[in-house]
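Throughout, protein chains are lettered first and strands after them, A, B, ... in sequence-line order, and every chain is numbered starting at 1.
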Amino acid sequence: MESVVNWFYPLIQAILNGLLTGALYALIGMGMALIFGVMRIVNFTHGAFLMLGMYVSYVFFLKTGINPYLGFMVSGAILFVIGYAVYMGLLRRIPGQVDFMVILVTLGLALIITDGVQLVFGADYHQINLPLVARNFRLGTQIFVNAPWLLSFVIALVLAVALYLVVTHTMFGRAARAIAQNPYPSPLMGINVNRVQAISFGIGAAAAGVAGALLLPVFYLYPGVGSQFELKSFVMVVLGGMGSIQGAAIAGLVLGVVESLTSLYWGNEWALAVDFVIFILVLSLKPSGIFGSQRA
Amino acid sequence: MKRIHVVISPVIFAIVITWAGCKGGPGAGNTIRIGVMTSLTGSNAAFGQAHKNGYTIALEEINAKGGLLGKKVELDYYDDQSRPDQAVQGVSKLVDQDHVPVLLGAYSSESTRAIVPVVTQKQVPLVMPTAVADNVVETGSPWVFRICAGSGSYATVTLDFLKNNGDPKTLAIVYENTNFGQSNNKSMTTAAQAAGLKLVDSEAYQASSPDYKSLLQRVKSKNPEVIYFASYLLDAGTLMRQAEQVNLNPKYYTSAGTGFAAAEFPTPDKGAGKYAEYTFSVSQWLPAARWKGSSEFDEKYFKLTNTHPAYHGMEAYAALIVAAAAIENAKSAQPQPIRDALKALNLPDTPFGPVKFDARGQNAHPVLVTQVQGGQYKVVWPADAAQTKPIIPTPPWSERK
């Protein structure tokens, strides 16, 4: 019995923690994958969108006292509008949508957003204090689950499933998948390519924004906070199969668990390194991603 | 449209040129410009802000007394964005372009270690206010001067405190995987061995992660009596919150200052709030310190910011006071004479205590141990400076309100 307690509970606890963090990663990764799948755009603004989502929820919380577990909807809505506008106003206008130009535009936009937020809110970090953060559920005698992480897990999961259903079961989803397969004949089928791509970009931005809002109660925010998550979302897109949103979602959960187990058995300093070792291995051994080659 | 451009462009050009001219260069007659490197943005911005407040207060005092060598003093800030590569670039800007004769900074040990070779090569003296990693004064450079105590002193004072307060036997170190953390890990590992404490775990971590629960669980499985953290502010908050979530209950939470000693750390708005309670930390200075001018500095700081300072602000203040004294003594605002004056400097009576540099450029600064009690830092060690008794052992999370 004693030995089981010594290795079994920490393992279960670490997997649980990994899944809780991984659900947020999954949401971020799905947004990135949708954008990449439908437009082949490597979106370097993703981290900035996440950060914006955090600030929106933060300001909303300060003004109204409504916590981010409802406020995430505001973040999602505003980020959707921003994403839609960015596509219509900027990305659509890039002649021929040359990859390199797109990268430069999204990178430049990320800098503008980050510096803009810094101009308005300052470089200083902020955090919010919800009484909820102090609530822990106990499963049995040994396993603890922190309430805000559980809540964000549930919300992220519901949204991930919803996003998946939208892509697989709606007219918009069908159009998005058609464009992902081949954008050129789509207009002939009566698909408004620009509109579908703008909506996809908006949804992608909204997913990042919602993830940011859900992170807010357990983390802190400052203008540069998004970059580490952006890096992870690249890993998820590659792991999940270059634009497959369900693949990216699973990759997010896997990444969370892998990081958690690495921390437990090997040391936290290696967690990020392991992420990128997986990334490089997948890129070189199975470039279509470990979860198949299906897109969007 | 075109015509307007023709008119406006030269005007803008002229304005820019004039403005650039006003910023002055080496020959800016009536002022002495001192270079300041700190982290005004990025993850260490809170400490950079504390630096800036300290520098601002010192600058006001110096200029109120008529400046230095009959000239007004100006500070030339460079923000390293909490990144060592930016700090290196900044030294080039401050020294090659702005020709400052002396530099203060940087904030972090990581950035400071990165600029030591640069100032050495450019032959400009560097006064280091806050870098705790001992390797910043171990390069043999004759151009560096550190006013604060280093990671070696942090370890010995912490162990001294433990020895005299319950004498625990096992220790785990949790440190950020950067120069600051590594240096403290190294110092504590060596010192603990010498003191007969068994090191049961040593954990490096990646800064600014949202999740340290697995790391803390790993520490918990080793069951140490003492945990020694080397962390910046943001991670200090995350670590203590998640320590509660995994129900980690060592007898002592101790730390190498920094995040655990920041003015924001025990506050709920910007730090760990109630999760900071009972944590021990080394400290370089407190508003209640016995040195003359400490409480005056505290008052001025409070007037400026509406918060009380931690030692980081004071160290910046002291760095500028020290550089100013060196310029006065050198009767020159040139790098070499200032360096020589720093070497010979003997200030027995600053608000940060006596300042005098040894051959390495290190000031022998005493270290205190504090504990957060009721949301306040209280000095608990050494005995002759203690404000109150330490609360030991740390109550388990389940028994806290």
Side-chain angles (χ1 to χ4, degrees), chain A residues 5-7 9-11 13-18 20-22 24-25 114-115 118 122-129 133-136 138 142-149 215 218-225 227-229 256-257 259-273, chain B residues 39-46 48-49 79 81-83 174-178 181-182 201-221 223 233-235 237-239 241-242 244-248 264 267-275 397-398 400-401:
Chain A
V5 171
N6 281 342
W7 69 264
Y9 286 126
L11 173 68
Q13 179 83 61
I15 291 175
L16 208 61
N17 290 342
L20 295 180
T21 319
L24 288 175
Y25 289 173
T114 310
D115 286 357
Q118 187 168 311
D124 201 5
Y125 70 101
H126 301 280
Q127 62 184 35
I128 63 170
N129 276 288
V133 174
R135 289 279 291 280
N136 292 305
R138 291 176 67 145
Q142 295 285 327
I143 309 287
F144 290 81
V145 180
N146 188 233
W149 284 95
L215 260 173
V218 291
F219 207 44
Y220 37 77
L221 72 170
Y222 60 94
V225 74
S227 54
Q228 57 165 316
F229 300 102
V257 173
E259 283 180 5
S260 185
L261 291 179
T262 308
S263 285
L264 180 66
Y265 291 117
W266 206 3
N268 178 278
E269 57 187 313
W270 297 103
L272 207 57
Chain B
S39 305
L40 295 172
T41 61
S43 52
N44 286 329
Q49 194 53 53
D79 171 21
Q81 304 170 22
S82 310
R83 285 165 48 188
V174 176
Y175 64 100
E176 178 179 310
N177 204 3
T178 58
Q182 287 158 358
D201 194 12
S202 172
E203 297 284 341
Y205 68 82
Q206 201 85 44
S208 308
S209 303
D211 185 6
Y212 293 119
K213 293 193 281 287
S214 293
L215 170 143
L216 294 166
Q217 233 183 299
R218 198 171 138 95
V219 174
K220 186 182 171 184
S221 70
N223 201 18
L233 180 57
L234 297 177
D235 292 324
T238 311
L239 283 164
R241 273 197 204 96
Q242 298 188 350
E244 190 258 354
Q245 291 169 19
V246 303
N247 202 23
L248 174 61
E264 292 89 347
T267 68
D269 294 342
K270 306 225 72 175
K274 61 179 179 176
Y275 302 99
W397 294 105
S398 55
R400 298 196 196 186
K401 287 247 169 74

Do A/Phe144 and B/Val246 make a side-chain contact, defined as non-hydrogen atoms from C-beta onward lying under 4.5 Å apart?
no
Side chain / backbone / both / neither for A/Ala14 at chain B, heavy atoms under 4.5 Å:
both
Interchain contact, A/Tyr125 with chain B, by part (heavy-atom threshold 4.5 Å):
both
Determine yes or no for a side-chain-to-main-chain donor-acceptor pair under 3.5 angstrom, with B/Ser214 supplying the side chain and A/Leu264 the backbone.
no
Full working for side chain to side chain contact (heavy atoms under 4.5 Å, CB included) between B/Gln217 and A/Asn17:
CA-CA 11 Å; B/Gln217 233 183 299; A/Asn17 290 342; 3.7 Å; yes
Chain A heavy atoms under 4.5 Å from B/Asn247: which part of the residue, side chain, backbone, both or neither?
side chain
Residues in side chain to side chain contact (heavy atoms under 4.5 Å, CB included) with A/Thr114, at least two apart?
A/Ala48, A/Met51, A/Pro223
Verify whether one side chain among B/Glu244 and A/Asn136 offers a donor that lies under 3.5 Å from an acceptor in the other.
yes
Looking at A/Thr21 and B/Asp211, what are the two nearest heavy atoms and their distance?
OG1-OD2, 2.9 Å
Which heavy atom of A/Asn268 sits nearest to which heavy atom of B/Glu203, and what is that distance?
N-OE1, 4.4 Å
Turns out that what part of B/Ser221 lies under 4.5 Å from chain A's heavy atoms comes down to neither
Residues, nucleotides or ligands: over 12 heavy atoms within 6.0 Å of B/Trp397 CH2
yes
Measure A/Gln118 against the heavy atoms of chain B and call it side chain, backbone, both or neither at under 4.5 Å.
side chain
For A/Gln127 and B/Gly271, indicate whether the former's side chain and the latter's backbone hold a donor-acceptor pair under 3.5 Å.
yes
Is it the side chain or the backbone of A/Gln13 that comes within 4.5 Å of chain B heavy atoms, both, or neither?
both
Chain B heavy atoms under 4.5 Å from A/Leu215: which part of the residue, side chain, backbone, both or neither?
side chain
Going through the checks in order, is the side chain to side chain contact (heavy atoms under 4.5 Å, CB included) test met by A/Tyr220 and B/Asp235?
CA-CA 10 Å; A/Tyr220 37 77; B/Asp235 292 324; 3.7 Å; yes
Sequence neighbours left out, what passes side chain to side chain contact (heavy atoms under 4.5 Å, CB included) with B/Thr267? Give chain and number order.
B/Glu264, B/Lys270
To check you understand the geometry: which heavy-atom pair defines the closest contact between A/Phe219 and B/Ser209, and what is its length?
CE1-O, 3.4 Å
For A/Ser260, is it the side chain, the backbone, both or neither that has a heavy atom under 4.5 Å from a heavy atom of chain B?
both
Could you look at A/Val225 and say if it's the side chain, the backbone, both or neither that has a heavy atom under 4.5 Å from chain B?
neither
Check whether any side-chain heavy atom of A/Trp149 sits under 4.5 Å from a side-chain heavy atom of B/Gln242, and report yes or no.
yes
Using a 6.0 Å cut-off, check whether atom CZ of B/Arg400 has over 12 heavy atoms from anything other than its own residue.
yes
Between B/Lys274 and A/Ala134, which heavy-atom pair has the shortest distance, and what is it?
NZ-CB, 3.9 Å
Verify side chain to side chain contact (heavy atoms under 4.5 Å, CB included) between B/Ser208 and A/Gln228, making sure each step is shown before the conclusion.
CA-CA 9 Å; B/Ser208 308; A/Gln228 57 165 316; 4.1 Å; yes
Counting distance only, does the side-chain N/O of A/Glu269 pair as donor-acceptor with the main-chain N or O of B/Tyr205 below 3.5 Å?
no
